[in-house]
Amino acid sequence: MSFVSIKSFFKPLAALDPPQPSASPDKVPVMESPSLELGASPILSGNVCKRSKELSADLPLLRGRKRKVRARLLESDSEEDIPDNTTDNVVDRKLARVRPEHKPDSKLLEAKFDNFRSPDTNKSMVASPISASVISSPKITPGLNGTFDKFEENSLKRLKISGTTVIPVTPTSPLIERELMDTCEQDIAIESPVPKTKCNPISKNTHTPEAKNSSPSISHPHIVSKSNYYPDQRDYHPVDSACWETKTPIPYLALARTFQAVESNSSRLRIQSILCNYLRSVLALSSPQELICSVYLTLNRLGPAWRGEELGVGEGVLIRALVQATGRSQKAIKDELYKVGDIGLVAESSRCTQRMMFKPSALTVEAVFSKLQEIARFTGCSSQQKKVEKISALLVACRDTETRYLIRGLSGKLRIRLQEQTVLTSLAHAVCLHEMERSGKCAKGEELKEKMDTAVQTLKSVYCELPDYERVIPALLEQGLEALPKFCCLTPGIPLKPMLAQPTKGLSEIFKRVDQAAISCEYKYDGERAQIHVIAPGKVRIFSRNQEDMTDKFPDVIDRLPRHLGNNVASCVLDSEVVARDTEKNQKLPFQVLTTRKRKGVSLEEIKVQVCVYAFDLLYLNGESLVHESFRRRSKIMRNSFKPVDGEFVFSEQKITSCTEDIQAFFEGSLKDQCEGLMIKTLDHNATYEISKRSFNWLKLKKDYLDGTGDTLDLVVVGAYQGTGKRTGNYGGFLLACYDPDSEEYQVICKTGTGFSDAQLEAQYNILKQHVIPIPKPYYSLGTCPAPDVWFDSNYVWEVKAADFSLSPIYPAAAGLADRERGISLRFPRFIRVREDKTPEDATTSEQIAHMYRSQQSVSGIITSTTGEDYY
DNA sequence: GTTGCATAATCGC
DNA sequence: GTCCGACCTATTCGG
DNA sequence: CCGAATAGGTCGGACGCGATTATGCAAC
């Protein structure tokens, strides 16, 4: 067993980096050797790396079975005897029981699995410049890996047998993936009856080459078009294909493998089907609780938002945990993070060297989820250290991809293109198929598609009204899909998903979109969304746009709410906007004032910032859900059921018209009244509050959306931040400055990270990297903004658009001009274009910015104090 | 042991 | 919050 | 009439400012 230093370990990784013409070779940071404990496992043996190279060179020439055997031969010298293990036997038995005649050659299976780990330098992985499979040497930590290898073996045996071909169900490497794409039509194939009508749309792809090639022994007379693709009941067996047994805990590795398969696919339909297959196995083999855990882990959540559980874990904590678990230096980890742009991948590439007294047992889905909740529960003194310890222990227990997804989850983003909509679809599909399997009534073809589509619709609409998996999933399992809406529906006290609005560029676009339908225009207030639930008289809760419980933030609103309820209102759910308000001057205050309100432990007396509620929709009244009613009706009922009080609780300003001039005037009126613009809603057509049908059903019109209007600034690029995730290798954000001719300084005003296309981003990287300077120029005024990763000489001017100006505690731009201390920054800054015609000295000046800020305030005559303490 | 400050994490837009 | 890009679906266009 | 091109919608993931809150740390 040879020991290698981290240095030699990383060399091959550097070689694997996607070619970046811009990056100079010396950019690759040299990793310092960590103080590896004597006796700790070697990270990765040198010969594995070498073999990897050989493999990648050879593999493109080899195909199919031949390649697998070759790979197996190449790997063979590292084979070790796998100790007997019951799980292993179980899987063997399962395979034998299921299809004895097709029991695959075990050597071939292993070869297959070896291929799982084969690096592929020819095809860049979607989100991981460093192929994780290179890093995961099979036998790395002999002291720890016993049971884990069993998981791997089990995963390996999740093989699908179609005729004579053996295909891993879960593609985990690009190689396998590519091969799968060659054969995936077998996945896509669904046996269906001969189309009844000739114009049946599903007959479209009948003549794909794959269909022709498919073996006649596999009876797929009919290939359904990709758009009708659903997991094939025949190809995936929820029980037999799963890598765990019924009534045994789901190994976290099974979920991690699913994530990996999802990550390496780009097609939404395939992603859906991969997750669906996993969920089908969970449905068939495991408990409802494990299904809930799986869903939460997939969505990377701890529970429903209104419970307010937070991980309280960020990059800092994660890095410390990595240091502790791996023995690498903080600097080495940060350097790698800078280069790789994903802390999950960094963790995966860092082997844990921490020694454990006992072998950590295999991670299960439930265990991982409950550990996350434990981490969230640590509070108070030295809680961070406890979190670090806990994460570190988890890290030690992780194997290969488990590390990646666990750490990504802890960092807040799983980044596998899998979010609520996709999960709901997969869950609906899985339950639908599960129900059909249980009842023995297997629909096919069109009928199947229809059933699946209704299932998705049902689940999505139920979930939008009751976004709580802990209620929906048990009901789903007990009552079935069809009956679900009866048991899970809008319930006061539980926030529902809010209707959102799509930005529009002007009236012409609005008319085009609503297409003759009658519309209502309302002011768009600049405050905070508040979903007010009156559960029973005197029992009120308020939720935010993201279903967070904001009840404690608005005791004043709750206190006076009874006065606004109509006599016959016993319970209701109101949709509204809370806006800060100057009670003396009787006018609205900017959003920035609203945010200064305390969030927790607010008592009525100490409230400094008063608010007014602008109600605009009613979703529930006295036991009846109104979400299926038209907006016209909802709005009318609302306006009849509440008693507005000026400055405390009013209805949103509304105008029902389709006249361009009227709308124009109304829009301008909204701006004069310190609103952001207009909300446009259809009154009758598509006018229900059904988020599942379309969550962006309303339209919004703001000044800054309009081309050629809104505040535009020309700013100098003075620095940039390394991009993360899909921006890895480019700059992800830029630091911008305005010019102050008086002091001849460039004063930093904001960052910007949106508005450019991928191509522009790359182009700017290539241009700007030539202007990097080691330290900022002395005439850059920086305030306390976060230091960029690179500084630039002041050469380029960009046009940037913003919605608003704000007084900034960290940016120095125009400091002293609008506020004695604070500078000015931009709200919602976005890149518009490069101003090649402008020199840095032509950039927008501090005085101009101060003027813009003042005119924004003076629209309403708001006078800002210069103390920075009070706003009014 | 308190207190004040800096930093990180969340969440509003 | 803004914005972009990939993917899907439905519709239109052109041979 | 059918396949190709196009348009529009959905979904996910980059990134913005600034507020509170919680925690860690150093000074008193």
Nucleotide nearest A/Arg694 (side chain, heavy atoms from C-beta), chosen from D/dG9, C/dT2, B/dG12: D/dG9
Identify which nucleotide among C/dC8, D/dT20, B/dG12 has an atom closest to any side-chain atom of A/Arg599, counting heavy atoms from C-beta outward. D/dT20
Among C/dG1, D/dG24, D/dA14, the nucleotide that comes nearest once only the side chain of A/Lys700 is considered: C/dG1
Mind checking if A/Lys600 touches a base, just sugar-phosphate, or nothing, with heavy atoms under 4.0 Å? sugar-phosphate
Sugar-phosphate only, base, or nothing, as touched by A/Arg268 at under 4.0 Å among non-hydrogen atoms: base
Given D/dT20, D/dC17, B/dG12, identify the nucleotide with an atom nearest to the side chain of A/Ser544. B/dG12
Is it the case that over 12 heavy atoms from other parts of the model lie below 6.0 angstrom from the CD atom of A/Glu606? yes
Under 4.0 Å: is that the gap between some side-chain N or O of A/Thr724 and OP1 or OP2 of D/dC15? yes
Looking for any heavy atom pair under 4.0 Å, which part of the strands does A/Leu418 touch: base, sugar-phosphate only, or nothing? sugar-phosphate
How would you label the contact of A/Ser695 with the nucleic acid (heavy atoms, under 4.0 Å): base, sugar-phosphate, or nothing? nothing
Identify which nucleotide among D/dC11, D/dT23, D/dG18 has an atom closest to any side-chain atom of A/Gln384, counting heavy atoms from C-beta outward. D/dT23
Residue whose nearest DNA chain C nucleotide is more 5′ - A/Ser267 or A/Asp704: A/Asp704
Just compare C/dC4, D/dG12, B/dG12 and give me whichever is closest to any side-chain atom of A/Gln419. D/dG12
Quick check on D/dG18: is either OP1 or OP2 less than 4.0 Å from any side-chain nitrogen or oxygen of A/Ser806? yes
Between C/dA6 and B/dC5, how many Å separate the two P atoms, rounded to a whole number? 49 Å
Need one value for A/Lys460: base, sugar-phosphate or nothing, where a base atom within 4.0 Å counts as base even if backbone is also close, heavy atoms only. sugar-phosphate
Mind telling me whether A/Trp698 and A/Tyr689 have parallel, tilted or perpendicular rings, with 30° and 60° as the class edges? perpendicular
What's A/Asp804 touching, base or sugar-phosphate or nothing? Going by heavy atoms closer than 4.0 Å. nothing
Among D/dG12, C/dC8, D/dA14, the one nearest any side-chain atom of A/Thr754 is D/dA14
What's A/Phe756 touching, base or sugar-phosphate or nothing? Going by heavy atoms closer than 4.0 Å. sugar-phosphate
Looking only at side-chain N and O atoms, does A/Asn265 offer a donor or acceptor that is under 3.5 Å from a partner on A/Ser267? no
Distance in angstrom units between A/Lys512 NZ and D/dG9 P, rounded: 8 Å
Take the protein atom OH of A/Tyr705 and the nucleotide atom C1' of B/dC13, then report the distance between them rounded to whole Å. 11 Å
Which part of the nucleic acid does A/Lys726 contact within heavy-atom distance under 4.0 Å: base, sugar-phosphate only, or nothing? base
Within the structure shown, what part of the strands sits under 4.0 Å from A/Gly412 by heavy-atom distance: base, sugar-phosphate, or nothing? nothing
Can the ring centroids of A/Tyr338 and A/Tyr721 be said to lie less than 6.0 angstrom from one another? no
Indicate, with a heavy-atom threshold strictly under 4.0 Å, whether A/Tyr811 touches base, sugar-phosphate, or nothing. sugar-phosphate
At less than 3.5 Å, do the side-chain atoms of A/Arg830 and the base atoms of C/dT2 form a donor-acceptor pair? no
Could you tell me whether the side chains of A/Glu263 and A/Tyr405 share a donor-acceptor contact shorter than 3.5 Å? yes
Could you check, using the six-membered ring where one of them is a Trp, whether A/Tyr731 and A/Phe756 have ring centers closer than 6.0 angstrom? no
Indicate, with a heavy-atom threshold strictly under 4.0 Å, whether A/Phe734 touches base, sugar-phosphate, or nothing. nothing
Which one, D/dG16, D/dA14, D/dG18, comes nearest to the side chain of A/Pro809? D/dG18
About how many Å separate CZ of A/Phe828 and NZ of A/Lys801, when rounded to the nearest 0.5 Å? 14.0 Å
The nucleotide from C/dG1, D/dG24, B/dC13 with an atom nearest the side chain of A/Lys702 is C/dG1
Have a look at A/Ile832 and say if it touches a base, only the backbone sugar-phosphate, or nothing, with a 4.0 Å heavy-atom cut-off. nothing
From the options C/dC7, D/dC17, B/dC13, select the nucleotide whose nearest atom is closest to the side chain of A/Arg529. B/dC13
With heavy atoms under 4.0 Å as the rule, sort A/Lys524 into base, sugar-phosphate or nothing. sugar-phosphate
Round to a whole Å and report the spacing from CD of A/Glu310 to P of B/dA9. 12 Å
